[in-house]
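Down below is the structure, laid out as structure tokens.
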Amino acid sequence: MTSSTARFPSLSHWGAFTAVVTDGRLVSCEPFAHDSAPSPILQSMPGMVHSDLRIRRPAVRQGWLAQRQGSDRSARGSEAFVEVDWDVALDLVAGELARVRGDHGPAALFGGSYGWSSAGRLHHARTLTHRFLHASGGCTTQAGNYSWGAAQFLLPYVIGTYAPVTGRVTDWESLLGHTELFIAFGGIPLRNAQITSGGAGAHSTHEWLARARESAIRFVVISPTRGDVPEGLQAEWIPIRPNTDTAMMLGMAHTLLLRNLHDTNFLDRYCEGFAPFADYLKGKQDGQPKTADWAATICGVDADVIRSLALKAAGHRTLLNCTWSLQRAQHGEQPYWTSIALAAMLGQIGLPGGGFAFGHGSINGAGTPRPDVPAPEMSAGPNPARSIIPVARFADMLLQPGEPYAFNGKQDVYPDIRMVYWAGGNPFHHHQDLNRLIRAWEKPETIVVHESWWTPTARRADIVLPATTTLERNDIGGSSRDRFVLAMHQALAPQGQSRNDFDIYRDLAARAGCEAAFTENRDETTWIRHIYDSMATHWRAAGFDSPEFDVFWEKGYVRLPAPQKSFVLMADFREDPVAHALKTPSGKIELYSERIASFGYDECPPHPAWVPPTEWLGATHAQRWPLHLVTSQPADKLHSQMDAGIVSRTAKIHGRQPVRLHPTEAARRGIHDGAIVRVFNDRGSCLAGAMLDENVSLGVVVMSTGAWFDPGDLGLERHGNPNVLTADLGTSRLTQAPSALSALVEIACWTDDAPPVQAFDLPQFFLLNSVEI
Ligand SMILES: Nc1nc2c(c(=O)[nH]1)N[C@H]1C(S)=C(S)[C@@H](COP(=O)(O)OP(=O)(O)OC[C@H]3O[C@@H](n4cnc5c(=O)[nH]c(N)nc54)[C@H](O)[C@@H]3O)O[C@H]1N2
Ligand SMILES: Nc1nc2c(c(=O)[nH]1)N[C@H]1C(S)=C(S)[C@@H](COP(=O)(O)OP(=O)(O)OC[C@H]3O[C@@H](n4cnc5c(=O)[nH]c(N)nc54)[C@H](O)[C@@H]3O)O[C@H]1N2
Ligand SMILES: [Mo]
């Protein structure tokens, strides 16, 4: 028999590619021709798409099938699954949705379903979950995100919008032409630039940095690890204690004030509330001037280094950039607000190459020049239940039904959740303090999950519905931070009995009597065309060519032209602060916010301030837990996606997540390179593989997220998932975002036999005669 090979354009969050399929199997993913820096993560896809870990049939937890809402919920994750037919599974889900909404109201159904889902926009599982649950009566949902939730709710008070944290910052053309000093808090880790939400045709950060290397820009990287300095960039590295950037920035601000180097014209004309901030810097109320020497005792950076950096910043065209990580920490509002205040004192906001920025080094596409027109989008429609919690307060909600909580100036009460519905996310990846999440996860009566693989979350569900992957359906994808929009052609037949999330929801909508509201009478083909046409209408209105749909589909992509003019954040405001007043109460940049003051949150004062987190190296807590764990994004996967793939597996040590630490810290503990170690604190412990790294500061250990959660005996996590160690704390009552980075730990050599990792073993199953159901 001759074999046949076919090629299909496709897209993932880690880049566009051509799916090469031989005899019905994906054999390789060839990078998109226009991508000069494709991600190696593509290589994990063939193995993962055909993996034994795929969910092949709908499955129901045995205890739930027997006792429904009366089942033993602590058996989730350990009990066997019963495979059932699709109709049986869908009837069970439909019945349960009706029961919960009927008995307890729609707010008792949690459908926030946070997670990245696929790059394809039509089949984006989270959006479809919302669309179905909204159309069928509503649910409790989530506000904000894990990525930049603190910024999202702080920045509107300060600059009237959170747009800059979405990547809409002064673009690279402007930086290359004008910036002299680029101060990078959190560095510019190219590892993270593999990813674009919605996928990208081009990995542009690499190209911009290549040009930056040839330019006159001097880079200063402030980070607990030198690993955040991209290779070849002649950057100065200033090591800092994690979570103390605010103190360092305040020390710089004080230096400017002391030497009268702050731009009083800019502060008078464009800012509100500099006087109380200056009083804080001088220590008028607390008696503590925020001098460089004061800052040094907190952040561990030499006072002379702080002073000299402040002076250099004042003498040059300077960009202050913060990665998103800085705000994913307790009191994460403060480094962002302080960096804006510092940039305001330098007086360069709105000038080419100057001012502040967020997200360079957090994601591909930050600062990529792109016309400001929409990318392809799918809408979820309004939620009739109007019940919404801050995204990361999920476990609090389950554990504290009826309890009050504060968020963004308002007081609310947690709903009493009876049923959880999740598709496109992995809470046993993304949430903090997973041992606490296990307890919270036992509260709901029923949990439904759509997944393609037996992830830790799928294993802990009651009803699991197998979803196709992106390669098994047609779609359209693209990001508002990339100039390409990509066609995604179906390359494979659905694996096992998996179905598209769209089709699953359509059938459930039919059972709930809202099929037309869910589908709007469109199928896959007509939806993709509709999404493209809606986008193209905006493009054409803005003067950009876009071909007819069929031309786009055939060619595989369309591309926006590069903009004529560089984008400079707040240039219009600088030019005319009245005509382009900010959407803040004063119309100006607020360095003191009356509105935040009115909330009375002592952990989020009305001006930028150093508010020590509970866990940092200067806390008394650190005497017992002397190492600060930094949980960065993984180089070899996207969160937990593709963890079982070849690229991620190759990077593991004895099958476990590496933990990086300085050789001196390792020697103190008798740890050698490649040893299995236990990383632990009061909240939990996990096994990891030691990787000695001189580029990590003393007192700091770095462990990426993403290892599939694998708890064993006595709560010991075996695979190296750092979220058993992190604290489940809101950033503050203002923003209630996750504090994923704030964890103190200790590390010890593991001398016993190490328990084998079971994260990638399949759960138990058996088939039940349908008569018994
Ligand atoms: N300690 C710590 N924790 C963190 C972070 C950190 O820095 N430190 N970072 C946080 C951040 S920024 C984020 S964004 C979150 C990410 O958290 P998540 O977005 O929840 O993580 P993913 O692993 O991307 O989970 C997506 C899941 O969707 C599934 N999926 C993909 N496509 C489809 C589909 O078409 N249909 C269905 N049904 N499922 C699909 C994938 O298989 C995968 O299991 O993690 C957060 N957690
Ligand atoms: N390969 C890959 N890329 C990704 C992702 C992925 O899973 N894999 N996830 C994507 C997503 S969803 C998001 S939201 C972004 C997240 O983007 P970020 O939040 O910016 O990413 P992190 O890797 O958490 O942190 C960036 C760097 O900040 C440094 N850092 C940590 N704490 C501190 C501190 O207190 N002070 C200073 N100065 N530096 C600190 C760390 O050393 C780390 O390398 O990444 C995206 N990119
Ligand atoms: Mo994120």
Side-chain angles (χ1 to χ4, degrees), residues 13-14 39 41 48 113-120 123-126 128-129 145-149 184-197 221-225 227-228 238-245 248 299 322-329 332 335 358-364 392 422-432 449-453 455-458 465-470 472-473 475 500-501 504 616 628-643 696 700 702-706 708 721-723 725-726 738 740-743:
H13 293 297
W14 43 96
S39 163
I41 302 172
M48 284 302 287
S113 194
Y114 182 78
W116 264 53
S117 311
S118 63
H123 291 291
H124 189 257
R126 187 187 191 207
L128 293 176
T129 305
N145 62 44
Y146 280 68
S147 309
W148 33 258
F185 288 92
I188 310 181
L190 267 173
R191 148 196 102 230
N192 289 353
Q194 292 176 86
I195 304 299
T196 318
S197 177
V221 164
I222 296 150
S223 161
T225 158
D228 290 334
I238 302 180
I240 188 168
R241 280 175 160 176
N243 287 6
T244 64
D245 302 74
M248 178 167 173
C299 67
C322 295
T323 46
W324 295 343
S325 54
L326 263 68
Q327 52 83 66
R328 201 176 308 111
F358 306 119
H360 285 294
S362 296
I363 204 137
N364 181 58
W422 222 296
N426 187 357
F428 282 91
H429 158 74
H430 67 233
H431 202 61
Q432 283 56 67
V449 169
H450 299 192
E451 249 299 344
S452 306
W453 291 277
T455 62
T457 299
L465 303 180
T468 52
T469 68
T470 248
E472 296 147 51
R473 59 206 187 202
D475 213 331
N500 300 339
D501 297 286
I504 300 171
W616 67 295
H628 190 116
L629 169 73
V630 170
T631 59
S632 332
Q633 313 303 309
D636 41 42
K637 52 190 166 269
L638 170 64
H639 317 130
S640 68
Q641 298 193 45
M642 304 287 135
D643 184 38
V696 176
V700 173
V702 181
M703 214 174 155
S704 295
T705 60
W708 283 17
N721 184 319
N723 272 330
L725 304 161
T726 51
L741 296 174
S742 312

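Heads up: numbering here begins at 1 and tracks the sequence. Ligands are counted one by one from 1 in listed order, and the atoms in each one are counted from 1 as well.
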query: Among Asp245, Asn243, Asn145, Ile195, whose heavy atom sits nearest atom 37 (C) of ligand 2?
result: Asp245
- request: Answer yes or no for His13: is there a heavy-atom contact with ligand 1 below 4.0 Å?
  value: no
message: Among all the protein's non-hydrogen atoms, which is closest to atom 28 (O) of ligand 2, and how far away is it?
response: Ser325 OG, 2.8 Å
query: Which option out of Leu638, Thr705, Ile363, Val630 puts a heavy atom nearest to atom 31 (C) of ligand 2?
result: Val630
- prompt: Hey, is Arg473 one of the residues with a heavy atom under 4.0 angstrom from ligand 1?
  reply: yes
query: Looking at ligand 1, does any of its N/O atoms fall within less than 3.5 Å of an N/O of Asn426?
result: yes
field: Sub-4.0 Å heavy-atom contact, Trp148 with ligand 1
entry: no
query: Just which atoms of ligand 1 are under 4.0 Å from any heavy atom in His430?
result: 3 (N), 4 (C), 15 (C), 16 (C), 17 (O), 18 (P), 20 (O), 45 (O), 46 (C), 47 (N)
field: Side chain, backbone, both or neither: Trp116 near ligand 2, heavy atoms under 4.0 Å
entry: side chain
message: With no hydrogens and no angle check, just 3.5 Å: does a side-chain donor-acceptor pair link Ser325 and Thr323?
response: yes
query: Is there a side-chain contact between Gln327 and Leu741, using heavy atoms and a 4.5 Å cut-off?
result: no
query: Do His450 and Asp501 get their side chains close enough for a donor-acceptor pair, meaning under 3.5 Å?
result: yes
message: Tell me the contacting part of Pro634 for ligand 2: side chain, backbone, both, or neither, using a 4.0 Å heavy-atom threshold, strictly below.
response: both
- prompt: With a 4.0 Å cut-off on heavy atoms, is His124 touching ligand 1?
  reply: no
- prompt: Please state which protein non-hydrogen atom is closest to atom 40 (C) of ligand 2 and give its distance, to 0.1 Å?
  reply: Pro224 CD, 3.6 Å
query: So between His628, Gln641, His429, His639, whose heavy atom ends up nearest atom 11 (C) of ligand 2?
result: His639
Within-cut-off N or O pair, Ser452 and ligand 1, under 3.5 Å: no
For ligand 1, the portion of Trp324 having any non-hydrogen atom under 4.0 Å away: neither
query: Taking atom OG of Ser362 and atom CD of Gln633, what is their separation to the nearest 0.5 Å?
result: 8.5 Å
query: Does Gln633 reach ligand 2 with a nitrogen or oxygen that is under 3.5 Å from one of the ligand's nitrogen or oxygen atoms?
result: yes
query: Is ligand 2 under 4.0 Å from a heavy atom in the side chain of Gln194, in the backbone, in both, or in neither?
result: side chain
- request: Number the atoms of ligand 2 from 1 as they appear, then name those within less than 4.0 Å of a heavy atom of Ile222, with their elements.
  value: 37 (C), 38 (N)
query: Judged by atom type as modelled, is there a donor-acceptor pair below 3.5 Å linking the side chain of His13 to the main-chain atoms of Trp116?
result: yes
- prompt: Are Thr225 and Val630 side-chain neighbours, meaning at least one heavy-atom pair lies under 4.5 Å?
  reply: no
statement: A student comparing Ser39, Gly361, Ser362 should find that the heavy atom closest to atom 46 (C) of ligand 2 comes from Ser362
query: Which option, Asp228, Asn192, Val221, owns the non-hydrogen atom nearest atom 44 (O) of ligand 2?
result: Asp228
task: Show which atoms of ligand 2 fall inside a sub-4.0 Å distance from at least one heavy-atom site of Arg328.
output: 14 (S), 16 (C), 18 (P), 19 (O), 24 (O)
field: For Thr726, atoms of ligand 1 separated by under 4.0 Å from a heavy atom
entry: 1 (N)
Please tabulate, one pair per line, all N/O donor-acceptor pairs under 3.5 Å involving side-chain atoms of residues 635-643, not counting sequence neighbours.
unit_1, atom_1, unit_2, atom_2, d
Lys637, NZ, Asp643, OD1, 3.2
Lys637, NZ, Ser648, OG, 3.0
Ser640, OG, Asn426, ND2, 2.9
Asp643, OD1, Ser648, OG, 2.8
Asp643, OD1, Lys652, NZ, 2.7
Asp643, OD2, Lys652, NZ, 3.3
Asp643, OD2, Trp708, N, 2.9

task: Using atom types as modelled and distance alone, determine if a side-chain donor or acceptor of Tyr146 lies under 3.5 Å from a backbone N or O of His430.
output: no
statement: Sorted by chain and number, sequence neighbours left out, ring pair (Phe, Tyr, Trp, His ring centres under 6.0 Å) with Phe428 holds for Trp441, Phe709
- request: May I ask you to identify the nearest protein heavy atom to atom 32 (N) of ligand 2, giving residue, atom name and distance to one decimal place in Å?
  value: Leu741 CD1, 3.9 Å
- prompt: Once you round to the nearest 0.5 Å, how far does OG1 of Thr470 lie from CG of Asp475?
  reply: 6.0 Å
query: If you measure from each non-hydrogen atom of Asp501 to ligand 1, which part falls under 4.0 Å: side chain, backbone, both or neither?
result: side chain
statement: Checking heavy atoms under 4.0 Å, the part of Ser640 that sits near ligand 1 is both
task: For ligand 1, note which part of Ala125 has a heavy atom under 4.0 Å away: side chain, backbone, both or neither.
output: side chain
query: Hey, is Lys637 touching ligand 2 through its side chain, its backbone, both or neither, going by heavy atoms under 4.0 Å?
result: backbone
For Tyr114, atoms of ligand 1 separated by under 4.0 Å from a heavy atom: 14 (S)
- prompt: Based purely on interatomic distance, does Thr244 place a nitrogen or oxygen under 3.5 Å from a nitrogen or oxygen of ligand 2?
  reply: no
query: For ligand 1, which atoms sit closer than 4.0 Å to a heavy atom of Trp453?
result: 42 (O)
- prompt: Does even one non-hydrogen atom of Ser118 get within less than 4.0 Å of ligand 1?
  reply: yes
field: Which segment of His431 sits under 4.0 Å of ligand 1 when only heavy atoms are counted
entry: neither
- request: Flag Leu326 as yes when one of its N or O atoms lies below 3.5 Å from any N or O atom of ligand 2, and as no otherwise.
  value: no
field: Donor-acceptor pair, side chain of Trp422 and main chain of Gly115, under 3.5 angstrom
entry: no
field: Atoms in ligand 1 with a heavy atom of Ser117 nearer than 4.0 Å
entry: 31 (C), 32 (N)
query: Any idea which part of Thr455 is under 4.0 Å from ligand 1, heavy-atom wise: side chain, backbone, both or neither?
result: side chain
message: Can you name the atoms of ligand 1, numbered from 1 with element, that are less than 4.0 Å from a heavy atom of Glu451?
response: 27 (C), 28 (O), 29 (C), 38 (N), 41 (C), 42 (O), 43 (C), 44 (O)
- line: Taking only non-hydrogen atoms of Gly424 and a 4.0 Å limit, the atoms of ligand 1 in range are 26 (C), 27 (C), 28 (O), 37 (C), 38 (N), 39 (N), 40 (C)
- prompt: Nearest to atom 12 (S) of ligand 1 by heavy atom, Gly706, Ser147, Gly120: which?
  reply: Ser147
